[in-house]
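The structure appears right after this line, and notes come after that.
Residue numbers count from 1 along this sequence.
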Amino acid sequence: MIEPKHSYSLSDTLRELIMDNRQLLMVISRFGISLHHVGCRVSELAECASVHPETFLCVANMISGRPYDATVVDLCSLIDYLKRAHSYFLDFFLPEIRRKLLDAIDFGREPELAPAVMRFFDDYVGEVRRHMNYENDNLFVYVDGLLAGMRDSNFTVGMFAEHHDAVSHKLRRLKDVLIRYAPERNVDKLNSALFDIINCEDDLESHCRVEDEILVPAVRAAEEKISVVKVTGRKPEAVADSGADSALGKREREIIAYVAKGMSNKEIADRLFISVHTVATHRRNICSKLGIHSPAGLTVYAILNGMVDLNDIDL
């Protein structure tokens, strides 16, 4: 049995680690380690699975809330781990959650909830995809150059770290809306989708922590070892900042928020110092852009996209 609060060690077996924390199953998978090797000790990973043991230990300890040493990380092994994690989220986990949501929410019987939820989820997946593709195409390519002894003058890991945000927070809104406004039908299916959303939220948070607390320091150390800067002329593209409401104007966002709070067109017009006719025109445009035609649907949309606070709304 592994002692609580102690770091995992090279002498521990993978089976012991899984028994201590079942989340490490995903870590093992993302390092490309077969379950056939769960009887191996961590020290044997280089031989049986071509995995750097100290890098595996560092990630496993961090994920499990145990002391870890980020100074011993092998960047090549860590980048392979992160690339596999990206593939898991984009190609399996998020599509699986979408399938479960479609199966759980009856579009015919939930005309307010279903379109807003699915639109929000699809936009969120697009945001995650842009986030991870940016890392694949810029940060990981930059690290490959460092490992080859070249340093790109147009990019530093500090630039990445300054703008790196967790991509899990929007899942919390989706979870809260589904819990509060869940239909009474398909309860088991909806609970299964919620369970995956909660796990995905936790998994994405851990993934971002690995990048912030292990990858970034390791890349900074690699940068310090390379004094010659090679100018490649490549300028990394910024992550596109386009959320679910990117097609909406500022005034339209304000009107959606007021609709969600239960205000009439007259009350909105008085609040914004515009005519009732202008408010009605904005609402028609909003409904056309979003494909949502009821106040209840706009309310769910406003909550999901952070325009109003969930606790201030009664649907």
Side-chain angles (χ1 to χ4, degrees), residues 1-97 99-100 128 132 135-136 140 143 147 166-168 171 188 191-219:
M1 180 178 177
I2 302 173
E3 290 293 327
K5 299 183 180 179
H6 289 192
S7 298
Y8 299 135
S9 70
L10 291 170
S11 61
D12 293 326
T13 67
L14 299 185
R15 183 178 289 110
E16 289 172 326
L17 269 58
I18 294 171
M19 290 176 63
D20 182 72
N21 181 4
R22 62 181 180 272
Q23 288 184 326
L24 295 182
L25 268 171
M26 300 310 304
V27 175
I28 289 171
S29 173
R30 291 169 191 173
F31 272 104
I33 303 169
S34 169
L35 290 179
H36 295 298
H37 298 308
V38 294
C40 295
R41 298 186 184 278
V42 176
S43 60
E44 299 170 333
L45 286 179
E47 180 179 352
C48 70
S50 300
V51 171
H52 188 252
E54 287 79 7
T55 303
F56 173 85
L57 270 185
C58 181
V59 174
N61 278 314
M62 196 218 77
I63 295 293
S64 299
R66 294 172 179 266
Y68 60 91
D69 183 4
T71 65
V72 297
V73 166
D74 174 72
L75 271 176
C76 185
S77 188
L78 184 60
I79 291 296
D80 286 344
Y81 165 85
L82 293 171
K83 286 179 178 178
R84 287 192 184 96
H86 286 183
S87 295
Y88 172 78
F89 287 118
L90 296 176
D91 300 333
F92 173 73
F93 204 4
L94 290 170
E96 180 67 8
I97 292 174
R99 183 191 66 77
K100 288 188 175 183
V128 175
M132 292 184 173
E135 293 176 356
N136 291 342
F140 295 168
V143 173
L147 294 173
V167 290
S168 59
L171 282 179
D188 290 337
N191 284 343
S192 178
L194 277 169
F195 185 76
D196 280 357
I197 289 170
I198 292 168
N199 283 336
C200 188
E201 179 187 351
D202 293 341
D203 202 354
L204 282 168
E205 286 179 356
S206 294
H207 175 77
C208 288
R209 284 189 60 217
V210 169
E211 293 178 331
D212 289 338
E213 299 178 24
I214 299 178
L215 177 65
V216 169
V219 176

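Of the possible donor and acceptor atoms, one in the side chain of Ser7 sits under 3.5 Å from a partner among the backbone N and O of Pro67. Remark: side-chain polar atoms of Ser206 are paired, donor with acceptor, to backbone N or O of Asp202 under 3.5 angstrom. A donor-acceptor contact shorter than 3.5 Å is absent between the side chain of Ser192 and the backbone of Asp188. Judged by distance alone, the side chain of Asn21 and the main-chain N or O of Ile18 form no donor-acceptor pair under 3.5 Å. Asn61 places a side-chain N or O within 3.5 Å of a backbone atom of Leu57 that can act as its donor or acceptor partner.
Aromatic ring centres of His52 and Phe31 lie farther apart than the 6.0 Å criterion allows. The aromatic ring centroids of His86 and Phe140 lie less than 6.0 Å from each other.
How far CG of Leu94 is from CG of Leu171: 7.0 Å, rounded to the nearest 0.5 Å. Note that CG of Asp196 is 12.5 Å distant from CD of Glu201, once rounded to the nearest 0.5 Å. In this structure, the separation between CG on Asp12 and CG on Asp20 is 9.0 Å, given to the nearest 0.5 Å. Taken from CD1 in Ile79 to CD in Glu135, the straight-line distance is 9.0 Å, to the nearest 0.5 Å. Between Arg209 atom CZ and Met62 atom CE the span is 4.0 Å, to the nearest 0.5 Å.
Under the rule for a ring-ring contact (aromatic ring centres under 6.0 Å, His included), the partners of Tyr88 that lie at least two apart in sequence or sit in another chain are Phe92, Phe93. Among residues two or more places apart in sequence or in another chain, the salt bridge (Lys or Arg N to Asp or Glu O under 4.0 Å) test is passed with Glu211 by none. With sequence neighbours excluded, the residues that form a salt bridge (Lys or Arg N to Asp or Glu O under 4.0 Å) with Arg99 are Glu96. Legend: residues meeting salt bridge (Lys or Arg N to Asp or Glu O under 4.0 Å) with Arg15, ordered by chain and number and at least two apart, are absent. In this structure Tyr8 satisfies the ring-ring contact (aromatic ring centres under 6.0 Å, His included) test with no other residue, sequence neighbours excluded.
A heavy-atom distance below 4.5 Å is found between the side chains of Ser64 and Leu24. Considering only heavy atoms from C-beta on, Leu17 comes within 4.5 Å of Phe56 through its side chain. The side-chain heavy atoms of Leu147 and Cys76, taken from C-beta on, include a pair separated by under 4.5 Å. Between Val143 and Leu78 there is no side-chain heavy-atom pair separated by less than 4.5 Å.
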Evaluation steps, side chain to side chain contact (heavy atoms under 4.5 Å, CB included), between Gln23 and Ile63: CA-CA 8 Å; Gln23 288 184 326; Ile63 295 293; 4.2 Å; yes
Stepwise side chain to side chain contact (heavy atoms under 4.5 Å, CB included) test for Tyr68 and Val59: CA-CA 8 Å; Tyr68 60 91; Val59 174; over 6 Å; no
Trace of the side chain to side chain contact (heavy atoms under 4.5 Å, CB included) decision for Asp69 with Cys58: CA-CA 6 Å; Asp69 183 4; Cys58 181; 6.0 Å; no
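When all heavy atoms of Val72 and Thr55 are compared, the pair lying nearest together is O-OG1, 4.4 Å. Counting all heavy atoms, side chain and backbone alike, Ile97 lies closest to Cys200 at CD1-CB, 3.8 Å. Closest approach of Leu14 to Ile33, counting heavy atoms only: CD1-CG2, 3.8 Å.
Among residue pairs with one or both ends in residues 26-50, those qualifying as side-chain hydrogen bond (donor to acceptor under 3.5 Å, both in side chains) are Arg30-Asp203; sequence neighbours excluded.
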